Amino acid sequence: MSPTLVLSLVAGYFAVLIVIAILTSRGATSESFFVANRNAPWYMVAFAMIGTSLSGVTFISVPGNVYGKSWSYLAVALGFVAGYVVIGTVLLPLYYRLRLVSIYSYLEQRFGYWSYKTGALFFLISRSLGSALRLYLVAGVLQLAVFDSMGVPFTVTVMVSIFFIYLYTFKGGLKTILWTDTFQTLAMLTCVGLSIYFMADALNYSFKQLVSSVQDSPMSQMYFSDFRDDKFFWKQFASGMFITIVMTGLDQDLMQKNLSCRSLGEAQKNLFWFTPVIVSVNILFLTLGVLMYQYATARGLTLTELPQLLKLNGTLDTDKVFPFLATTQFSLTAGIIFILGIIAVTYASADSALTALTTSFCVDFLNIQQYPEARQTRLRQLTHLGWSVVLIVIILIFRVLNEQSLIDAVYKAAGFTYGPLLGLFAFGILTRRQLRDRLVLPTCVAAVLLTLLIVSNSVEWLNGYKFGFEILLLNGTLVYLGLLAISRPADAAPANAALAL
C-alpha cells in the first residue's frame, strides 16, 4: 500500500471526526463533558460502547493469539456475560441511586477520604496504562504501513496520533464521544465483516465451507484438561467475568457512558443489549484469526521464518501478523478496509479513555465542581492536555520494554492495577464493616506487591501452576483480606455501612 494512500485515508477519517466534534460540542459545559447532560439515548450508548470496549488490541491481538492459544479466549468472552449481569443488577443501581459523576466517590461515602483517593488513583494508573498500550498498537501499524518508509520517527507518529484525539475531544468530551464512537463502531464492525469476507473469498470458501473449516481447525479448540494451564477454560471464564466487572463496572471510562443515560432502566437496557453483541463480535475476531493463518498457509508463507514478524528471542510476534498480511498480501481494497478498521476501533477506545482520565482527575483530585464554569473549562482543558502527554510517555516506554502479545500485556497489567478496585468495591458492597481509612493505600500497595511475588514464582511454589488473566482474582482477594485485617465493626459508623448491600 502506498504511504500517500494511507495518509489520505487517515486524514479523511479524522476530518469526519473533527466535523462531528464541531457539530456536537456547541454550547458544551462541564456537565456535557462529564456525563453528556444525563440525556443520552440508551441504544446510542450501547452501540458506542462496542468500540470503546474492544480497542485495537482486540482487532489485532485476539486474531493473532489464535496461533498459540487457539480459541481459549472464547472462554474469557463467555465470562463477560456473567460479569455484565453483576454490573447491571448490582453496580448500576448503586451508582444511579447515589447520582455519581465519578464512581469512586462511592468509596468516600462508604469508607472515607483515603479510600476514595486510593480507588481514583488506581483507576488513573489502570486506564492510562491500558489506553497507552492500545494506542501503541495503532501507532505501530501506522509506522509499519506509512512512516517507516518516509523516515518519520515512531515518537512523531505517537505524538501526532494523540494530538488528533485531543483535538476532537477537548471541548465536547462525552457528548462528542458518544457520536464519534457510534460512527467508529459502525466503521469497525463493517471492516471486520469485510476482512472475513475477503479472506474467505481468497480461499474460495462458501459460507458453509468457512464455518466448517473454522470448526475443524486445531486453532479453534478450547482447553479443559489441565487446570494448571493458563488456557484452562474455567480459569479463563472466571477471569473474563471479573475482568468485565472491574474493567467495565469499576472503570470510570465505561461507566461514564452508562451514567449518561436518562434513567437506571435505560442504562440496564443498554447493558443487556450490548452483552450478546460484544460476545458475537469476539467470535468474529477469533474466526478472523483462524482464517488469517489459513490464508497465510495457502499463500505459501512460513510466518515463523519472516524476520519482520519475529521478536528478539526468535518467536513469532503474533501482533504483527494481521498488519503484515493486510498491508503486504491482501488486495488493495482489503488493505484499505484493515487500515480504517484498526484506526476506528483504537480511537473509539482511546478517545473515551482520555475523557475518562480527565473526568476522574478533575472530579476526584481537583474538586472541579466548586469553581465557576469558566475556571472549570480552563482546568478541564489543561488536564486533558496533561493526560495526552502522559499517554505519549507511557507508549514510548512500552515500545522499549514489551516482549509479549498486547492482549496478554493489557489483561495482566489490569490484574495488578484493577485488583485494588475489585477488593475495595467488593468489601464496601458485601460487608457492613468500616476501614481504618489511612491504612487503605498501603494495604492495597502491599497486596499488589505480594501478588507480583506469587505470580513470579508460581511455577516453583505451586507445582507448575501458571497464572493467566486470573491474576486479577488473586490480587482482588489479597486486597479484600488486607482490608478485612484493617477493618472494624459497622456499629462505629452506621450511616456509611448502610451503603453496603
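Every heavy atom of this structure was used, including side-chain atoms; hydrogens, water molecules and symmetry mates were not. Quick caveat, the model's predicted, so the values are computed rather than measured.
- For the residue pair Asn65 / Tyr73, no side-chain donor-acceptor distance below 3.5 Å is found, with atom types taken as modelled.
- Residues Leu250 and Phe123 fail the side-chain proximity criterion, which asks for heavy atoms closer than 4.5 Å.
- With sequence neighbours excluded, the residues forming a ring pair (Phe, Tyr, Trp, His ring centres under 6.0 Å) with Phe233 are Phe224, listed by chain and number.
- For Tyr116 (side chain) and Phe111 (main-chain N/O), no donor-acceptor pair under 3.5 Å exists by modelled atom type.
- Looking at heavy atoms from C-beta onward, Leu453 lies in side-chain contact with Trp461 at the 4.5 angstrom threshold.
- Although no hydrogens or angles enter the test, the distance criterion places a donor-acceptor pair under 3.5 Å between the side chain of Gln370 and the main chain of Asn367.
- Between Phe416 and Asn475 the shortest heavy-atom distance is O-ND2, 2.8 Å.
- Residues Val279 and Tyr84 are not in side-chain contact: their nearest non-hydrogen atoms beyond the backbone lie 4.5 Å or more apart.
- The backbone N or O of Lys235 lies less than 3.5 Å from no partner atom in the side chain of Glu470, so there is not a single donor-acceptor pair.
- The side-chain heavy atoms of Thr118 and Tyr104, taken from C-beta on, include no pair separated by under 4.5 Å.
- Tyr166 and His384 have tilted rings, their planes meeting at an angle from 30° to 60° on a 0 to 90° scale.
- Between the side chain of Asp319 and the backbone N or O of Gly64, no donor-acceptor pair lies under 3.5 Å.
- When atom types are taken as modelled, the side chain of Gln434 and the backbone of Arg110 share a donor-acceptor pair closer than 3.5 angstrom.
- Every ring pair (Phe, Tyr, Trp, His ring centres under 6.0 Å) that Tyr480 has, sequence neighbours left out, goes to Phe427.
- Using a 4.5 Å cut-off on side-chain heavy atoms (C-beta onward), Asn282 and Leu74 make no contact.
- In summary, Arg127 and Asp251 engage in a salt bridge, as defined by a charged side-chain N under 4.0 Å from a carboxylate O.
- For the salt bridge (Lys or Arg N to Asp or Glu O under 4.0 Å) condition, no pair includes a residue of residues 72-91, sequence neighbours left out.
- Of the possible donor and acceptor atoms, one in the side chain of Ser280 sits under 3.5 Å from a partner among the backbone N and O of Pro276.
- Taking the side chain as every heavy atom from C-beta outward, Tyr418 and Leu472 approach each other to under 4.5 Å.
- Phe122 places a side-chain heavy atom less than 4.5 Å from the side chain of Cys444.
- Listed for the Thr417 side chain is no donor-acceptor partner under 3.5 Å among the backbone atoms of Ile125.
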